[in-house]
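Quick notes on the structure that follows.
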Protein chains: 2
Amino acid sequence: MASIHDVAKEAGVSVATVSKVLNDYPDVSDKTRKKVNIAIELLKYQPNVVARGLVKRRSWTVGVLLTVPFTNPFVSELLEGIKTALENSGYDLVRLSTRFDDPTYSFIKHCRSRNVDGVVVFGEGRDNKSIQELVTAEIPTMFIDTDLFGKRAGYITTDNANAIAMSVKHLHELGHRKIAYISGTLGPAVANLRLDGYREGLRVCDIPYSTVYLEVCDYSFDGGSKAARRLLALKDQPTGIVCASDMSAFGAIHEIEKHGLRVPEDVSVVGFDNTYYAEVFKPGLTTINQNIHSIGIKSIEYLILMIENPAYTPPVITEPSNLVIRQTTAPANNG
Amino acid sequence: MASIHDVAKEAGVSVATVSKVLNDYPDVSDKTRKKVNIAIELLKYQPNVVARGLVKRRSWTVGVLLTVPFTNPFVSELLEGIKTALENSGYDLVRLSTRFDDPTYSFIKHCRSRNVDGVVVFGEGRDNKSIQELVTAEIPTMFIDTDLFGKRAGYITTDNANAIAMSVKHLHELGHRKIAYISGTLGPAVANLRLDGYREGLRVCDIPYSTVYLEVCDYSFDGGSKAARRLLALKDQPTGIVCASDMSAFGAIHEIEKHGLRVPEDVSVVGFDNTYYAEVFKPGLTTINQNIHSIGIKSIEYLILMIENPAYTPPVITEPSNLVIRQTTAPANNG
DNA sequence: CTGAAAGCGCTTACAG
DNA sequence: CTGAAAGCGCTTACAG
């Protein structure tokens with residue numbers, strides 16, 4: 001690999017001059033600039049970002065803290081958005097190999113050691129100590145779905161509450177009055193906000209809230225299936241079920257059909273996420289579409305703004321969502 | 001951030017000595033070692049990998065060339081394996097933001113500029129020029145599913161041919177004789193090998209090969225669906241269909257049911273991939289399980305071996321697969 | 001056993 | 001407009 005010294009020698013100038021050409025300094029004569037560029041071309045020279053980073057105390061690298069499995073469809077789409085935003089930014093993505101099981105491991109030290117310019121965090125609870133340190137250390141950070149922010153840390157999430165309220169209203173408009181909710185595990189902001197949305201939706205529709213129609217599971221197919229089983233066992237079965245994920249909705253549908261009922265004729269079901277399969281499988285799942293791709297893109301765009309402008313105020317963003325109506329919701333069967 | 005100089009000053013020794021402690025050199029007295037370690041502790045010092053990398057011409061970083069969408073389920077699982085293997089290796093993963101649309105872009109230069117120690121490639125055709133350069137440049141590389149290898153480049157893939165042959169034999173054992181194959185787009189090694197496997201399977205089962213029963217699509221739900229429609233339009237409908245992906249199998253099943261036929265009573269269907277949904281959805285899909293996770297792990301393990309031992313001969317690996325029998329295959333309806 | 005010095009590949013005041 | 005020198009945070013012969 002040719003270094004800046006090789007280029008300097010080839011062009012017959014100093015390395016300082018080569019550096020100036022590389023960095024588009026104006027105080028270089030056209031003649032010299034040309035000589036240098038020819039040498040660069042000739043030697044197929046490419047500046048070493050690592051060396052440059054050492055002196056600039058930058059790395060043109062964005063770290064990602066992601067312990068959630070890559071197989072999680074939300075993660076996949078998020079990464080797709082992140083990738084898109086990164087593509088022409090000059091930054092590369094580094095997945096930090098974290099070791100939270102090792103008590104001596106420090107995520108911040110890791111970031112500093114790698115010189116990452118900023119970090120995107122998804123799927124860590126706000127109780128994760130490393131995460132807290134991140135905001136006090138004032139390393140540029142974008143939190144996705146983790147309700148944390150600070151002087152150098154922004155927060156972006158979906159309008160969870162509003163989304164679920166929309167689903168409830170949709171069922172209400174179809175004549176449903178017995179509307180159940182299969183929540184995800186409560187605790188994380190995302191789950192709590194969605195539950196709020198369920199209650200708010202009912203309130204707006206003048207339907208009393210009852211915990212009888214509230215089930216909690218882990219967002220999975222099996223979880224949704226079991227939750228639906230319990231709901232169907234009620235003497236007063238719900239006619240509509242709102243779910244906190246597409247997977248739990250798929251599980252619920254499976255269970256409903258196992259009980260000899262039909263979706264949507266007997267029971268309507270609404271999902272959450274609008275994953276690929278919601279569209280592809282039949283019947284198409286009525287569900288909330290989160291702009292995950294957009295969340296991924298924005299998290300990077302804002303992160304880069306923060307990185308490149310120390311005075312930039314980190315954003316707190318609630319990304320809108322929308323209800324995609326397909327074939328799993330229909331007018332209520334009986335009043 | 002404390003630097004090695006701060007530690008040296010704090011401990012009252014030279015930076016050279018601190019460096020020796022850091023790198024476990026034996027020629028340091030216990031007393032000095034202790035002083036240094038205390039200073040490190042005190043200052044919460046963490047060596048800067050980037051600076052170290054500059055002198056060692058290493059980065060403890062593995063680059064990944066991945067232009068296939070993250071939403072591709074194969075990619076997700078692959079990354080999960082890669083992540084697992086990386087977790088305690090001391091290496092971090094860098095996704096290089098490639099720009100193949102830019103004619104001046106060079107993937108190798110990018111790798112060199114970032115100082116990555118090795119790279120994992122998935123989803124690029126062997127005709128990609130950047131890829132070819134990679135093997136001639138002798139940068140440690142593991143190719144996944146791309147049939148390329150060299151002095152410093154290994155290749156790992158699933159036993160594609162054998163896998164499809166297994167599916168054919170499975171159907172044959174169930175009494176099927178009219179066995180169709182819905183292939184993925186031909187050209188890439190993976191698709192070609194699977195087609196070879198179909199023909200080999202038929203041969204072993206003494207069933208004549210006919211292009212009438214061969215359909216080609218793009219691995220998608222829609223593609224599988226359309227391919228199945230054409231097969232069902234034949235006067236001599238197949239009773240068993242082998243597919244090159246789970247998604248095309250799902251599409252085929254959907255089409256079969258739309259024709260008023262039942263799976264598996266009327267037509268048996270076999271998928272390929274054993275994605276999450278193959279297990280979760282009902283009826284469970286009989287399919288080929290690829291050890292994608294294992295492929296991800298091995299690609300990293302071998303890559304690191306290659307990186308850390310210049311004499312290591314890059315491996316060419318065919319990872320075994322296995323048939324997972326669920327509910328979409330059954331004895332043939334009629335002889 | 002310890003440390004001064006050179007060097008990895010860059011950038012940036014600063015002097016000329 | 002150009003270049004010598006110092007420095008980013010490390011490592012590694014080498015001398016003592």
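Within every chain, numbering begins at 1; the chains are lettered A, B, ... in the order of the sequence lines, protein sequences first and strands thereafter.
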P atoms of C:dC1 and D:dC10, separation to the nearest Å: 25 Å

Residues B:F100, B:Y105; criterion ring-ring contact (aromatic ring centres under 6.0 Å, His included); working and verdict: CA-CA 6 Å; B:F100 289 126; B:Y105 177 79; 5.6 Å; yes

Residue mapping more 5' on DNA chain C - nearest nucleotide basis, A:M1 or A:Y25: A:M1

Touch class at under 4.0 angstrom, heavy-atom based, for B:D27 against every strand present: base

Pairwise P distance, D:dG9 and C:dT2 [rounded to whole Å]: 25 Å

Nucleotide interval of DNA chain C bounded by contacts with chain A (heavy-atom cut-off, under 4.0 Å): C:dG9 to C:dT12

Sugar-phosphate only, base, or nothing, as touched by A:V50 at under 4.0 Å among non-hydrogen atoms: nothing

Aromatic ring pairing A:F107/A:H110, orientation class (parallel under 30°, perpendicular over 60°, tilted between): perpendicular

Pairing partner (Watson-Crick or G-U wobble, both distances under 3.5 angstrom) of D:dG16: C:dC1

Donor on one side chain, acceptor on other, A:D92 and B:S97, under 3.5 Å: yes

Residues B:E319 and B:T157: side-chain donor-acceptor under 3.5 angstrom: no

Side chains of B:T158 and B:N160, donor plus acceptor under 3.5 Å: no

First of A:L22 and B:V13 reached from the 5' end of DNA chain C, by closest nucleotide: B:V13

Residue whose nearest DNA chain D nucleotide is more 5′ - B:A16 or B:A51: B:A51

Sugar-phosphate only, base, or nothing, as touched by B:S19 at under 4.0 Å among non-hydrogen atoms: base

Any A:L96 side-chain heavy atom under 4.5 Å of A:R114 side chain: yes

